[in-house]
Number of protein chains: 2
Amino acid sequence: MELKRAAEGEKGFEKVFAFLRERLLAGSLKPGDRLISERELATLLGVSRPIVREALRALTVLGIVEIRDRIGTVVTRPDVSVLNDFFTFALAQQADMLDDVMQARVAIECQAIRLACERANIADFERLQRTLAKIGETIDEADAGGMADFEFHRAIVVASHSETLTVLHSSMAGLLTHSHRSRRELVQAFPSMKTYLIDDHRRIFDTIIARDPERADATLRKHFAIGDEYRRRAVVGDIDKTSDKTSASR
Amino acid sequence: MELKRAAEGEKGFEKVFAFLRERLLAGSLKPGDRLISERELATLLGVSRPIVREALRALTVLGIVEIRDRIGTVVTRPDVSVLNDFFTFALAQQADMLDDVMQARVAIECQAIRLACERANIADFERLQRTLAKIGETIDEADAGGMADFEFHRAIVVASHSETLTVLHSSMAGLLTHSHRSRRELVQAFPSMKTYLIDDHRRIFDTIIARDPERADATLRKHFAIGDEYRRRAVVGDIDKTSDKTSASR
DNA sequence: GTCTGATCTTGGTCAGACCAGTATGCTAAC
DNA sequence: GTTAGCATACTGGTCTGACCAAGATCAGAC
């Protein structure tokens, strides 16, 4: 009695969701397809329209389907925003997870740069070149600089031509931009950092151009390690001249 | 009559969802908290109950909230299953994504093993030891063997003591178990694989014991590469003696 | 003090209705 | 014959009000 999985014992929402999931997974519903109307779906499955809407809304947040006002519901290509939403919520409730996410970010990027070495094309190189130049131009600006930094790293991931890696990386973007920005705020504190930021990114770029996965990975990893070191030094109070900067943004 | 169209431009579902998201992200709604009833929420936000249910259902599939029948809606700790669902759907519609996910898996695990070298404790070592032994014991069984293989790799990630990495890794678990299993089916085809499976995992284990991140990463990476190679060879028809095995499971 | 049952509340669901635009087809004008 | 125009049948978006089943609660009986 407790498990009525046998028949169509599922009730309401589950029934509709299962019905749609089945078609989706089986492939009889492919991206671009238009679902039958909510009303039809309701009568077809013997449930009310609000229930159907619940199921459709569920699929919407999963990025599988898109409800278009007055048009209909269409199957979409799986979207990134789901992971984005999830991480946003998940991290909001566990702030200590930020350091953890950084680790995941390192993981993603190091793998991405390996793939980038193999798969990057001219367009990717150009994008990397552009973003690299941007880093040099915005070296003295916290916001723009942080953005440029992020764009460069994103370009690496994009160059991996891996949808999954890109998705994972961008889903952490929101959290990472902050770290990029705060790193830039340290530039004024550590003059040496200016060199580090420019040269290091340049070195990373070179490894991709050279298509040397091992060296790319190692260089990128070192890049992160040095960044950590700077941040650590800042935390322990190695800064004196720009204490206003750091305190202001915290 | 149309109250609040002016203020909160969002309509219906968006309004409720935004309202809840705000509280969730701000932290005023923490895991374990019970939300106000659907009816109250409806009147509070000036929408109908079905709309509120849509929003709650959306949060449910995101694993942020749990609707308990006749009890209420409570905030839960973000769950991995969302990612699982997502990948399942995403994969069904883009089969080529599997290879992509494998790359992400490699990324996660290689980062995890590095952390594991630093952070693994006695309990982690014991778990690794246990799962390693299991691999040897179940070397001739496809199902149990695949499971043991997976458990070992999971133990590595767990030993990294990184929540995020663990979450990401297990979210791909559903897909990976299949790959683990199919790999095991190749054991009969390639006698040499038996050695590969046992010795290679042993080597990986040793690197963690030695707390040598670089070697661990490299060894694990090579492990995956060899696995890929076996799979590639199987695909191109390098198997002759056990064609029944492979055709049966496909 | 404990047990029991009525009542309140909660989620789960339904039916029917209205609105606002879209899509379509049919008519009427050119 | 072609096309401009409009009526109509859709679609999603939403609301109202209602009923059910079962957990939660508390008053009253024992």
Side-chain angles (χ1 to χ4, degrees), chain A residues 1-5 7-21 23-24 29 31-76 79, chain B residues 1-21 23-24 29 31-76:
Chain A
M1 264 333 202
E2 40 183 317
L3 289 184
K4 26 205 29 201
R5 287 291 183 278
E8 321 242 354
E10 281 138 341
K11 46 190 50 147
F13 170 80
E14 287 296 338
K15 179 155 52 172
V16 183
F17 192 76
F19 175 83
L20 292 173
R21 174 173 50 202
R23 320 267 145 161
L24 255 353
L29 277 179
D33 289 358
R34 216 171 15 252
L35 269 66
I36 58 179
S37 74
E38 298 178 353
R39 283 169 240 261
E40 285 181 276
L41 214 44
T43 62
L44 175 64
L45 296 176
V47 298
S48 65
R49 200 145 83 91
I51 301 302
V52 172
R53 297 210 98 238
E54 278 183 40
L56 293 179
R57 192 66 82 174
L59 290 173
T60 298
V61 300
L62 282 176
I64 313 204
V65 125
E66 187 183 339
I67 305 180
R68 295 184 186 160
D69 195 356
R70 277 155 259 143
I71 302 288
T73 307
V74 299
V75 182
T76 64
D79 187 20
Chain B
M1 280 325 175
E2 309 244 358
L3 50 154
K4 73 219 23 168
R5 274 291 181 280
E8 322 262 2
E10 282 137 338
K11 46 189 57 150
F13 169 80
E14 287 296 337
K15 180 158 49 173
V16 183
F17 192 75
F19 174 84
L20 292 174
R21 174 174 50 202
R23 320 267 144 159
L24 255 353
L29 277 179
D33 290 357
R34 213 170 19 253
L35 269 65
I36 58 179
S37 72
E38 298 178 352
R39 284 169 241 262
E40 287 181 273
L41 213 44
T43 61
L44 175 63
L45 296 177
V47 298
S48 65
R49 198 146 84 90
I51 301 301
V52 172
R53 299 209 95 237
E54 278 184 41
L56 292 180
R57 191 68 81 172
L59 290 173
T60 298
V61 301
L62 282 177
I64 313 210
V65 124
E66 188 182 338
I67 305 179
R68 293 183 188 160
D69 197 357
R70 278 155 257 136
I71 304 288
T73 308
V74 300
V75 183
T76 63

Distance-only donor-acceptor pairs under 3.5 Å for side chains of residues 58-70 of chain B, two or more places apart:
from, atom 1, to, atom 2, distance (Å)
B:Thr60, OG1, B:Leu56, O, 2.8

Quiz item: Quick one: what's the B/S/- string for nucleotides 4-10 of chain C, heavy-atom cutoff under 4.0 Å, read 5' to 3'?
Solution: ------B
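- Screening residues 54-63 of chain A for salt bridge (Lys or Arg N to Asp or Glu O under 4.0 Å) gives A:Glu54-B:Arg53, A:Glu54-B:Arg57, A:Arg57-B:Glu54 as the qualifying pairs, with residues at least two apart or on separate chains.
- Taking atom CG of residue B:Leu59 and atom P of nucleotide C:dG11, one finds them 14 Å apart after rounding to whole Å.
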Quiz item: Checking side chain to side chain contact (heavy atoms under 4.5 Å, CB included) for the pair A:Val74/A:Leu35: CA distance, chi angles, key distance, verdict?
Solution: CA-CA 6 Å; A:Val74 299; A:Leu35 269 66; over 6 Å; no
Pairs under 3.5 angstrom only: tabulate donor-acceptor contacts from the side chains of residues 42-51 of chain A to other protein residues two or more places apart or in another chain.
from, atom 1, to, atom 2, distance (Å)
A:Thr43, OG1, A:Arg39, O, 3.4
A:Thr43, OG1, A:Glu40, O, 2.9
A:Arg49, NH1, A:Glu38, OE1, 2.6

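- Here the CG-CG distance, from A:Asp33 to A:Leu24, works out to 9.5 Å after rounding to the nearest 0.5 Å.
- Legend: residues meeting ring-ring contact (aromatic ring centres under 6.0 Å, His included) with A:Phe17, ordered by chain and number and at least two apart, are A:Phe13.
- In this structure, the nucleotide among D:dC15, C:dG11, C:dT13 sitting nearest to the side chain of A:Ser48 is C:dT13.
- If you find the closest nucleotide of DNA chain C to A:Phe13 and to A:Arg49, the one lying nearer the 5' end belongs to A:Phe13.
- Distance CG (B:Leu41) to P (D:dC15): 13 Å, rounded to an integer number of Å.
- For A:Arg34 against D:dT11, a side-chain-to-base donor-acceptor contact under 3.5 Å is absent.
- Between the P atom of D:dG12 and the CD1 atom of A:Ile51 lies a distance of 16 Å, rounded to the nearest Å.
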